[in-house]
Amino acid sequence: MTSQAKNFILSLVVAIAIVLIPSQYFPLAQLSVIEQRVMALFVFAAMLWVLEPIPIYATSILIIVLELLTISTSGINVLIDNQGDHFGELIAYKDIMGTFASPIILLFLGGFFLAMASTKYRLDQGLAKVLLKPFGTRPKMIMLGLMIITAVFSMFMSNTATTAMMLAILAPVLTCFDEKDPGRIAFALSIPFAANIGGIGTPIGTPPNALALKYLTGENNIGFGEWMAFGVPFVIVLLAVAWFLLLKFFPPKAEHLALEIKGKFMTSRKAIIVYVTFGLTILLWLFDFVHGMNSYTVAMIPVAVFLAFGIITKEDLKKMSWDVLWLVSGGIALGLGLEKSGLAAHLVNSIPFDQYAPVLIVAMAAILATIMANFMSNTATANLLLPIITAVGVSVMSLEALGGAKMLILATTLAASLGMSLPISTPPNALAHATGMIESRHMSKVGVTLAIVGLVLIGILMYVLNKVNFL
Amino acid sequence: MEKIYIICVEDQREVLNTIATQLSSLDQYVIIEECESAPEAEELIEEIDTKGDFIAVVVSDHVMPGKTGVELLTTLHNDQRFSDTKKILLTGQATHMDTIQAINMAGIDYYLEKPWQADDLLHKIKILLTSYIIQKGLNYKLFLEVLDQETLFGLLKQTP
């Protein structure tokens, strides 16, 4: 048997064991049947996302299907009929299926359309060329320029696509470097780190951010512009730290560096439509307080425009990263199960969080998120942690003084983007590692330092946001 | 888990061994098969296809007894099942006409003239392997060590 099959069976056995253990053996009073099933599902999902015997998006779909079969109003009759005492409430099957078309998913789809159209009509290459020019030919400055461009792009494009694009630009130059020049390492590392950090800047920069919006509802609601108001400064500071660290650890010896970016802005009618729509969408996102449309509604505008003008074709549509969207859907469905079944609140109430200092709770949540994100997908980390963290934020009163649930959710989400110390931590890291210019230890050296600095920065950011009454 | 194959076809045993040795750095990730004739290759290809595995690249000599390399690659090219399979013609004795046919009828991806450089063959195969894996939607992360970075980055940046 392959190790993948073994890992899958192991996860399944653990999940089934959780369902079969009589409920009185759990340290939770009055555990309902539904809650027990959700718990099994949660553990199953967690194990599958960590061990990865099946692709991470397949795990998401599995969650949705298993929820439909076992805890939905349209489940298998023998599993949902004959409800005894402590059975719990079934979840409407439409709510579970609805996660595929959640506003969060559509927000991301809008982001994909913008990214795909801008790549297709060379907005990205053109911008990169223009933006890199002022940074001259000194390696240190070029590196800063590349990092800024990478970070800005990854705020709107996927971190992976941005990394691929920037590494493609950088690769020919890196091979010209002297083999012993540590600058090679610095350059190869600068791209994935900048991409990971840049993703923090906007709600669509990386899936965990969008997922956080799902949990920031009601009075905790955050607009696109509001997110950027704290996200972008955070990115700037962390990016500066990363630049400084890379230069300190791996100072480039070369004096000059010539970077050539091919491609110019296109001037066709379609290209102009893409450029204008791109700019307009971002303006609409930033000025939601003027026109009243929320970021989800705005995200649908580029989708309609690009399809209507044939800018995104049927073939392009097939190339959308549906796996990423479904990965997030599964996370939303898992959160739905945890919330509607009452398990999240139940779990949180059974742990005496009130006895701990609130600062400690935030610190633990953020550190846990960063550690998990180092070893598994950042999105899967957010999928697992955010539902529980939200329940903690809502029920632990002592957190109120620090900013309550909103603060805890934001801190955890930002921390989930700090997992970047190993080649397996994120796809950008894996791509950079594949260039063969860097060893894992180089990546860890900078990655771990950055994570620690990042966590401290999150603390400072939350303190400031609370002081200005944002939280 | 499906396997990925690279098939080398060449009637001279020593040359076939040379090709296989030059590609040996790939064999932790893909299976390199050696065939001494076109019919043998076709039989193997059928077998691999039946198992549901993938044929990423076929490297073939041209002048072989029985069926020639161009004929083999033409058959492959016209078979819908292998429309993504990459084809390299490795030859020293192809005539002008053979070459035209190889491009027009067999849709070859690369023409490598004998004698060839080991690096050249390996590099070209990595490029073709990379686009095959992305086209087929296979998990590229498992093959990063043997993929051509330039090709990979170029293909990946197009998916948002």
Side-chain angles (χ1 to χ4, degrees), chain A residues 2-5 52-56 108-120 124-125 153 156-172 174-175 188 191 204 312 316 318-325 423-424 427-437, chain B residues 1-6 22-31 48 51-54 56-57 80 83-84 117-160:
Chain A
T2 63
S3 68
Q4 287 176 331
E52 259 186 72
I54 60 173
I56 52 176
F108 240 76
L109 187 70
F112 285 173
F113 268 71
L114 287 179
M116 185 175 265
S118 62
T119 304
K120 207 173 158 184
D124 50 0
Q125 298 269 355
F153 284 7
F156 300 97
M157 290 163 62
S158 87
N159 296 355
T160 313
T162 310
T163 305
M165 169 188 163
M166 297 308 285
L167 284 178
I169 294 173
L170 193 58
L174 282 182
T175 45
I191 302 295
I204 59 162
I312 297 291
D316 296 331
K318 290 177 192 160
K319 285 191 225 144
M320 291 285 164
S321 302
W322 300 103
D323 56 327
V324 176
L325 297 182
I424 54 151
N429 283 20
L431 290 180
H433 187 250
T435 60
M437 304 277 170
Chain B
M1 179 64 203
E2 295 92 351
K3 301 180 189 80
I4 295 183
Y5 285 84
I6 292 176
Q22 289 173 352
L23 301 182
S24 59
S25 63
L26 306 175
D27 67 7
Q28 272 182 302
Y29 297 87
V30 297
I31 300 170
I48 294 170
K51 281 190 291 178
D53 291 334
F54 297 96
V57 187
Q80 279 298 317
S83 54
D84 289 331
Q117 299 288 321
D119 287 352
D120 204 12
L121 177 66
L122 189 62
H123 181 222
K124 205 63 211 176
I125 287 198
K126 282 184 175 184
I127 291 176
L128 295 176
L129 182 65
T130 308
S131 38
Y132 182 83
I133 285 176
I134 298 289
Q135 270 172 2
K136 283 286 179 196
L138 300 169
N139 186 0
Y140 66 86
K141 283 182 209 136
L142 303 175
F143 300 94
L144 281 176
E145 298 286 324
V146 291
L147 299 184
D148 179 70
Q149 289 157 32
E150 216 181 314
T151 314
L152 180 69
F153 296 151
L155 291 168
L156 282 186
K157 73 176 184 190
Q158 290 164 22
T159 39

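For the numbers below, each heavy atom of this structure counts, side chains included, while hydrogens, waters and symmetry mates do not. To find a chain, count down the sequence lines: A is the first, B the second, and so on, and within it residues start at 1.
- Shown here are the side chain to side chain contact (heavy atoms under 4.5 Å, CB included) partners of A:Ser3, two or more places apart in sequence or in another chain: there are none.
- Every residue two or more places apart in sequence or in another chain that forms a side chain to side chain contact (heavy atoms under 4.5 Å, CB included) with A:Pro55 is listed here: A:Tyr57, A:Ala58.
- With a 6.0 Å radius and a threshold of 12 heavy atoms from other residues, nucleotides or ligands, B:Lys3 has its NZ atom at or below the threshold.
- Ranked by heavy-atom pairs under 4.5 Å with chain B, the first of A:Leu167, A:Thr119, A:Ile424 is A:Leu167.
- Within 6.0 Å of CD on B:Glu150 lie no more than 12 heavy atoms contributed by other residues, nucleotides or ligands.
- Of residues 124-149 of chain B, those residues with a non-hydrogen atom less than 4.5 Å from any non-hydrogen atom of chain A are, in numerical order, B:Tyr140, B:Lys141, B:Leu144, B:Gln149.
- At a threshold of 4.5 Å between non-hydrogen side-chain atoms, the residues A:Thr435 and B:Phe153 count as touching.
- Counting only heavy atoms from C-beta outward, the side chains of A:Leu431 and B:Leu152 approach each other to under 4.5 Å.
- Partners of A:Phe108 by ring pair (Phe, Tyr, Trp, His ring centres under 6.0 Å), not counting sequence neighbours, listed by chain and number: A:Phe112.
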